[in-house]
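Worksheet: the structure to be examined is printed underneath.
Residue numbering restarts at 1 for every chain, and letters A, B, ... go by the order of the sequence lines.
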2 protein chains.
Amino acid sequence: MSTGVNLKELAAELKLSPSTVSRALNDSYEISEETKKKVVSMAEKMNYQPNPFARSLRENKSKTIAVVMPERMSSFFSKVIDGIEEVTQQHGYHLLVYSTHEDVEREKKIVNLLMNGRADAIVMSVSSQTSDISHLARLHERGFPLIFFDRICESIPTTKFITNDYESAFEGTKHLIQQGCRRIAFLMLSKELSITKERYRGYLDALKAAGLSPTPSLQVTCAHEEENNIEAIRKMLLSEDRPDGLVSSVEKLALATYHAVKRTDIKIPEDLKIISFFSNLSIAGLLTPSLTTITQPAFTIGEECAKLLMKKLTKPRQPDLPNQLISIPSKIIIRSSTIAV
Amino acid sequence: MSTGVNLKELAAELKLSPSTVSRALNDSYEISEETKKKVVSMAEKMNYQPNPFARSLRENKSKTIAVVMPERMSSFFSKVIDGIEEVTQQHGYHLLVYSTHEDVEREKKIVNLLMNGRADAIVMSVSSQTSDISHLARLHERGFPLIFFDRICESIPTTKFITNDYESAFEGTKHLIQQGCRRIAFLMLSKELSITKERYRGYLDALKAAGLSPTPSLQVTCAHEEENNIEAIRKMLLSEDRPDGLVSSVEKLALATYHAVKRTDIKIPEDLKIISFFSNLSIAGLLTPSLTTITQPAFTIGEECAKLLMKKLTKPRQPDLPNQLISIPSKIIIRSSTIAV
DNA sequence: TATAATTTCGCAATCGTTTCCGTATTTTAA
DNA sequence: TTAAAATACGGAAACGATTGCGAAATTATA
């Protein structure tokens with residue numbers, strides 16, 4: 001791999017010193033317009049590309065953001081990253097992307113690796129296994145810029161971007177009740193997860209507001225393995241107090257539910273109405289029947305994370321990321337899976 | 001952001017020179033076992049993390065791989081990256097991930113940015129717009145390690161990983177014919193794409209082998225915008241010589257076809273049988289009717305790309321990546337969308 | 001015992017930038 | 001006309017690691 005020209009060679013060609021060339025390329029006021037032109041044109045001619053590591057070493061920043069998330073095959077996370085990339089790319093930033101595969105040990109390893117400054121900031125959504133958050137707390141205490149989205153750590157005082165989890169779950173559950181549901185199931189990944197807690201609370205409060213009492217056996221905590229989830233849901237669906245409605249707090253469990261239903265003779269929406277947090281609109285419309293979704297503003301969440309970070313990182317002497325919770329509302333899109341017949 | 005301890009501070013604490021400490025940490029034969037122990041334990045105690053940029057600058061390598069692909073919201077590409085990450089993470093490599101959004105201009109920008117050595121290698125799948133490949137050729141001519149997967153550049157002499165596109169398309173088309181189809185449509189993204197060419201060839205040859213002649217109006221070239229694709233497909237499906245079978249060369253066009261069919265009263269598989277290159281098995285099973293798929297070994301492709309790169313990058317004085325085409329076969333999974341009634 | 005070989009470590013250069021100084025030249029002000 | 005200020009540039013020190021080379025201390029060999 002033949003490395004290109006460096007600053008010294010470029011300077012030699014121009015019969016200038018490296019410092020002058022550097023300043024010229026960085027548009028310093030100390031350099032005359034005339035020399036700037038010369039330098040810039042010669043740099044183009046010789047295809048000079050500054051070495052990013054020399055620069056990072058000197059400036060102590062990498063122009064790189066790390067994104068850590070639980071899984072890649074999820075339209076929600078894909079769209080968030082698209083949103084982040086859209087903003088960061090305009091500022092010349094690069095994206096390191098890591099998947100924890102819902103494994104807290106991998107999450108710890110990744111976070112610890114990132115503490116050496118390879119990235120200027122971390123945008124993350126924690127794994128469903130994450131209960132001990134000391135690795136993240138340590139990162140933040142050291143002053144490392146850290147932003148959470150979706151699955152947040154409440155106790156770490158930094159900026160977090162979420163959707164209106166509580167209200168959406170409340171409204172979604174209320175919608176099921178309005179459609180006549182009385183025994184409503186709730187599917188979740190892990191009780192530790194911030195999104196689980198909030199969405200669950202919204203679900204419970206909606207039940208309470210309607211004078212309904214929750215049935216413990218209808219609240220299913222799932223795991224990572226899809227087949228196990230499908231079977232757990234199927235059993236719940238066929239249990240004694242089988243539900244007539246179902247709220248899924250994450251996309252993948254809605255899909256698991258459709259799989260589970262296929263293994264029974266339950267009819268949606270006649271026997272069971274389903275609503276789910278879901279980001280893949282194209283798929284939602286193709287499911288049979290089409291799925292009523294609580295659609296999170298995934299792309300916007302990514303954009304907002306990135307905008308905040310860019311402000312903090314590209315301007316000098318910015319304050320720490322404020323300890324705030326920013327909520328961007330979801331939209332409920334009613335489709336066939338909850339239409340009363 | 002308070003940077004941690006560096007080598008000099010660690011050395012001072014140990015009353016040793018930085019060079020000795022560096023060698024001790026790198027397990028050099030020149031250092032006694034005794035000092036090694038001391039150094040390592042002190043490094044742990046002080047939580048020493050080597051500065052990656054200083055190291056990269058000195059060693060002229062970044063322990064980073066760049067992955068450039070056309071889109072993120074695709075189960076195929078997601079799985080490929082999961083495969084790559086699985087291997088590279090074990091070697092301590094990091095992943096920079098870029099999406100071109102099927103835009104060749106963005107692809108060029110990204111590739112040019114990567115020429116400065118920010119990554120040690122690039123794994124890429126070109127955009128559907130890419131016909132001029134000079135940006136990639138230049139990269140390769142400079143000796144930059146470059147690997148293609150799926151959507152390859154035939155003319156660039158490096159290693160490419162694909163699936164058996166021709167054979168799979170041939171077998172898939174043959175399957176439709178065996179199920180009684182006579183007028184078989186073909187959906188593609190861009191005629192420039194390597195996968196389009198090969199899969200199209202397989203499709204044509206299968207027709208020919210059965211004594212069928214292709215109908216030009218049944219061969220639809222689609223673009224990026226989903227709604228436009230759906231409408232184009234719908235029109236084709238309702239045209240005079242409407243098809244009774246359809247091969248989709250990529251996942252998203254199969255979904256578009258399902259959407260298009262929903263807007264007509266065409267019945268699958270009675271009126272139209274569908275087969276598609278498709279990686280999202282969970283979704284394939286949930287479509288109505290479930291979709292017969294040509295399932296690419298996405299994860300394995302990613303793993304193989306990464307394995308080859310790791311061999312090249314982690315061992316000293318490796319030869320250039322050989323000019324070879326490695327094909328990993330797909331599997332055809334027959335579901336309801338092609339079952340004759 | 002004297003010399004050679006081995007072990008173990010330190011000094012200093014290096015990677016390619018940026019930037020703090022210093023300085024020569026030109027312009028402005030008094 | 002002279003002093004002060006502004007302009008335009010170069011020298012050299014950083015940033016934090018790795019490594020070639022030299023040297024002291026120890027061990028082996030003759």
Interface residues of residues 31-52 of chain B with DNA chain D (non-hydrogen, below 4.0 angstrom)
Y48(B), Q49(B), P50(B), N51(B)

Pair up each side-chain donor or acceptor in residues 305-319 of chain A with any protein partner under 3.5 Å, not counting sequence neighbours, and list the distances.
| from | atom 1 | to | atom 2 | distance (Å) |
| --- | --- | --- | --- | --- |
| K307(A) | NZ | E304(A) | OE2 | 3.4 |
| K312(A) | NZ | P319(A) | O | 3.4 |
| T314(A) | OG1 | M310(A) | O | 2.6 |

When you match R58(B) and Y29(B) each to their closest nucleotide on DNA chain C, which lands nearer the 5' end?
Y29(B)

Rounding to a whole Å, what distance do you find between F53(B):CZ and dC15(C):C1'?
15 Å

Could you tell me whether the side chain of R23(B) has a donor or acceptor atom within less than 3.5 Å of a complementary atom in the base of dG20(D)?
yes

Separation of dG11(D) C1' from K8(A) NZ (nearest whole Å):
13 Å

From the list dC9(C), dA17(D), dC15(C), which nucleotide is the closest neighbour of the side chain of N6(B)?
dA17(D)

Just distance, no hydrogens or angles: give the donor-acceptor pairs under 3.5 Å from side chains in residues 130-139 of chain A, sequence neighbours left out.
| from | atom 1 | to | atom 2 | distance (Å) |
| --- | --- | --- | --- | --- |
| T130(A) | OG1 | E107(A) | OE1 | 3.1 |
| T130(A) | OG1 | E107(A) | OE2 | 3.1 |
| T130(A) | OG1 | S127(A) | N | 3.4 |
| T130(A) | OG1 | S127(A) | O | 3.3 |
| T130(A) | OG1 | S127(A) | OG | 2.8 |
| D132(A) | OD1 | S134(A) | N | 3.0 |
| D132(A) | OD1 | S134(A) | OG | 3.1 |
| D132(A) | OD2 | S134(A) | OG | 3.2 |
| H135(A) | NE2 | E107(A) | OE2 | 2.9 |
| R138(A) | NH2 | N112(A) | OD1 | 3.3 |

Round to a whole Å and report the spacing from CG of L57(A) to P of dT19(C).
13 Å

Please give, in whole Å, the distance from dT17(C) P to R118(B) CZ?
13 Å

Pairs flagged by salt bridge (charged side-chain N to carboxylate O under 4.0 Å, His left out) wherever residues 18-27 of chain A is involved - sequence neighbours left out:
R23(A)-E30(A), D27(A)-K36(A)

Ranking dC11(C), dC15(C), dC9(D) by distance to the side chain of S17(B), first place goes to dC11(C)

L7(A) CG to dA12(D) C1': how many Å, rounded?
14 Å

Using whole Å, what does the distance between atom C1' of nucleotide dT17(C) and atom NZ of K63(A) come to?
15 Å

Check the distance between dA17(D)'s P and E59(B)'s CD and give it to me in whole angstrom.
12 Å

Taking ring-ring contact (aromatic ring centres under 6.0 Å, His included) as the test, write out the residues that go with Y98(A), two or more places apart.
H94(B)

Taking CG from L25(A) and C1' from dG16(C), how many angstroms apart are they, rounded to a whole number?
13 Å

Side chain to side chain donor-acceptor pair (under 3.5 Å) pairs, two or more places apart, involving residues 45-54 of chain B:
none

From the options dT19(D), dT17(C), dG10(D), select the nucleotide whose nearest atom is closest to the side chain of L16(A).
dG10(D)

Between the side chain of S125(B) and the main-chain N/O of R151(B), is any donor-acceptor distance below 3.5 Å?
yes

Hey, does the side-chain of S19(B) have a donor or acceptor N/O within less than 3.5 Å of a partner on the base of dC11(C)?
yes

Presence of R55(B) side-chain N/O under 4.0 Å of dT18(D) phosphate oxygens OP1/OP2:
yes

Quick one: is dC9(C) close enough that its OP1 or OP2 comes under 4.0 Å of any side-chain N or O from T20(B)?
no

At what distance, to the nearest 0.5 angstrom, does CG of L146(B) lie from CG of D320(B)?
11.5 Å

